[in-house]
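Here's the structure, in C-alpha cells; my notes come after.
Convention: sequence-line order gives letters A, B, ...; per-chain numbering from 1.
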2 protein chains.
Amino acid sequence: MPPSTPAAPAPSAEKSATPETSEERFQQSPLAREVAFLTARARGRGNALANQLLADLDLKVRHFSVLAMACSGTKPSQRELGEFLDLDPSQVVALVDVLEGRGAIRREPDPRDRRSKILVATEAGRELYAQAAERTRQAEEQTLRALSPAERDQLRELLAKIVF
Amino acid sequence: MPPSTPAAPAPSAEKSATPETSEERFQQSPLAREVAFLTARARGRGNALANQLLADLDLKVRHFSVLAMACSGTKPSQRELGEFLDLDPSQVVALVDVLEGRGAIRREPDPRDRRSKILVATEAGRELYAQAAERTRQAEEQTLRALSPAERDQLRELLAKIVF
DNA sequence: TATTGTTATACTCTATAACTATA
DNA sequence: TATAGTTATAGAGTATAACAATA
C-alpha cells in the first residue's frame, strides 16, 4: 500500500461516482470534436453576446454587418452584399430599408448598371458604425478571452482560410 | 522602358481598373477580419453542406446532434441536452419526438429523478447514426480541405478553448 | 433572354408563457 | 417553492415565386 498517493479520486466510491457536471461529461462525446458543432456553438454564443451589446443602439448583428460593409469603402451592390453575407436578396432589401430609414446608409445608383444600387454610409451612419464597432470589439474580446493574442491571430487565419 | 516586366497588372489602366471579384474586394473590409463574421460564415456554409449530405437520410444537423448525443453513452437528460446544444427545452421535445417516432432513440426514466428523462439510442438509432456520421465526416473533410491535418487539429483546439 | 431589386408569401427556426408531475 | 418536460403560440429568420426596370 503506497503511502504517497494522497489525492486520487477514489474510483471505488459507490454512489456519487459522477460528481462532474453534464457539460464536462459531454465534452467526451464525439460530437464535441466536430468542427461543425464547435463553430455552431461559437457563432451562437458570439452572436447572442454581440446582439446584447448592440441592443442599446437598436441594432442586431445582421444590421451591423450591412452597415459595416457600407462604411468599408468597398461600394457593394445589394446583390454582392447578399452573396458576401449569405443573405437572400429579399433580406438585403429589408435590412437596407431599416438602415436607410434611420438615415445611416443611402442607395446610390450605379453609373455602370442602372439596375443595381450601391450602398454607401452617411455621416450619421459612420458615427453609428463607430459606436457599434466598439461594442462588437468588446464582444470579440470577451468571446476570445481564453486565447492569447497569438492564438487569436491563428484562429482568425485558420477561419479565413476555410471561408475564403 | 524595362523589357523584363511581363505580367504586371497594368495599374494605370483607365476603365477596367477593378477586374477583381467583389468577394476579393470585400476581403479587405474590416468585417472580414472579425472572428464573429468568420465563424458565422463558417457555420453557415458547414451547416448547409451537412444538411445537404444528410438529406437522403431524412435528417438535419439538429436531429443529428441529438442522435449523436443519445449514441454517445453520456446519458443526457433532455434539459442537459438543451443546454449543451443551445436548444430551448421545447425544441428538444420536438426533435426527440421526431427521432423517437422513427424508432431511433428512447426516453428512459431517470431512477434518481422521476421528472427527467434520459435519452438513449436504439439499435436502429445506432445504425442510423453510423450512416449519418459518415456523411458529416465527409462534410467536415470538404469544409476543411484548405487546411493541413495539423491546422485542422489547431482549429479544433482553438475553438474548443473558446466554447468550453 | 437574363439579371437587379422589390414585393408577397410561406416555411423553418427560435423564444415565451402556461400547464403537469414530480422534487 | 422550484424544476423537467410538455403544449400552444408568437416572433424572428430564411427561402421561394412573381413582377418591373434594365441589361
To the nearest Å, how far apart are [X] [atom1] and [N] [atom2]?
X      : N      : atom1 : atom2 : answer
B/L95  : C/dC13 : CG    : P     : 9 Å
B/D58  : C/dT12 : CG    : P     : 13 Å
A/R62  : D/dT14 : CZ    : C1'   : 8 Å
B/E108 : D/dG5  : CD    : P     : 14 Å
B/D86  : C/dA15 : CG    : C1'   : 13 Å
A/L81  : C/dT3  : CG    : P     : 20 Å
B/D88  : D/dA4  : CG    : C1'   : 13 Å
A/D110 : C/dG5  : CG    : P     : 9 Å

Side-chain donor or acceptor of B/E24 paired with backbone N/O of B/T21 under 3.5 Å: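 Yes, because the side chain of B/E24 sits within donor-acceptor range (under 3.5 Å) of the backbone of B/T21.
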With no hydrogens and no angle check, is any side-chain donor or acceptor of A/R25 less than 3.5 Å from a backbone partner on A/E20?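 No; judged by distance alone, with no hydrogens or angles, the pair does not exist.
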Give the nucleotide from the list [options] with an atom nearest to the side chain of [X].
X      : options               : value
A/Q91  : C/dG5, D/dA15, C/dA15 : D/dA15
A/R115 : C/dA15, C/dT6, D/dT22 : D/dT22
B/D113 : C/dA23, C/dT6, D/dG5  : C/dA23
B/V93  : C/dT6, D/dG13, D/dT7  : D/dT7
A/S116 : C/dT12, D/dT6, C/dT4  : C/dT4

Given that A/H63 and A/P111 both sit by DNA chain D, which one's nearest nucleotide is further toward the 5' end?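 That would be A/H63.
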side-chain contact (heavy atoms from CB on, under 4.5 Å) for B/L158 and A/L147? Distances and angles first, verdict last. CA-CA 8 Å; B/L158 292 169; A/L147 302 186; 4.1 Å; yes
Measure distances between side-chain N and O atoms of A/S90 and base N and O atoms of D/dT14, and say whether any donor-acceptor pair falls under 3.5 Å.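 No, the side chain and the base share no sub-3.5 Å donor-acceptor pair.
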What about A/R114: does its side chain form a donor-acceptor pair under 3.5 Å with the base of D/dT22?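 Not at all, since no donor on one side and acceptor on the other fall under 3.5 Å apart.
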Compile the donor-acceptor pairs under 3.5 Å between side chains in residues 91-106 of chain B and protein atoms, sequence neighbours left out, one pair per line.
from: B/Q91; atom 1: OE1; to: B/R62; atom 2: NH2; distance (Å): 3.3
from: B/D97; atom 1: OD1; to: B/R107; atom 2: NH1; distance (Å): 3.0
from: B/D97; atom 1: OD1; to: B/R107; atom 2: NH2; distance (Å): 3.0
from: B/E100; atom 1: OE1; to: B/R107; atom 2: NH1; distance (Å): 2.7
from: B/E100; atom 1: OE2; to: B/R107; atom 2: N; distance (Å): 3.2
from: B/R102; atom 1: NH1; to: B/L57; atom 2: O; distance (Å): 3.3
from: B/R102; atom 1: NH1; to: B/D58; atom 2: O; distance (Å): 2.7
from: B/R102; atom 1: NH2; to: B/L57; atom 2: O; distance (Å): 3.0
from: B/R106; atom 1: NH2; to: B/E108; atom 2: OE2; distance (Å): 2.8

For a quick test of reading the model: is some side-chain N or O of B/K60 closer than 4.0 Å to OP1 or OP2 of C/dT12?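 So the side-chain polar atoms of B/K60 never come under 4.0 Å of the phosphate oxygens OP1 or OP2 of C/dT12.
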Would you mind checking if B/E140 and B/R152 are paired as a salt bridge, meaning a charged N to carboxylate O distance below 4.0 Å?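 No salt bridge links B/R152 with B/E140.
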Decide side-chain contact (heavy atoms from CB on, under 4.5 Å) for B/E23 and A/E83; before the verdict, give the C-alpha distance in whole Å, the side-chain angles of both, and the deciding distance to 0.1 Å. CA-CA 8 Å; B/E23 178 83 5; A/E83 274 162 29; 6.0 Å; no
Under 4.0 Å from any atom of DNA chain D, heavy atoms only: list the residues of residues 71-80 of chain B that qualify, in numerical order.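 Those residues whose heavy atoms fall under 4.0 Å from DNA chain D, taken from residues 71-80 of chain B in numerical order, are B/S77, B/Q78, B/R79.
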With ring centroids as reference points, do A/F84 and B/F37 lie under 6.0 angstrom apart?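 Yes, the ring of A/F84 comes within the 6.0 Å limit of the ring of B/F37, centre to centre.
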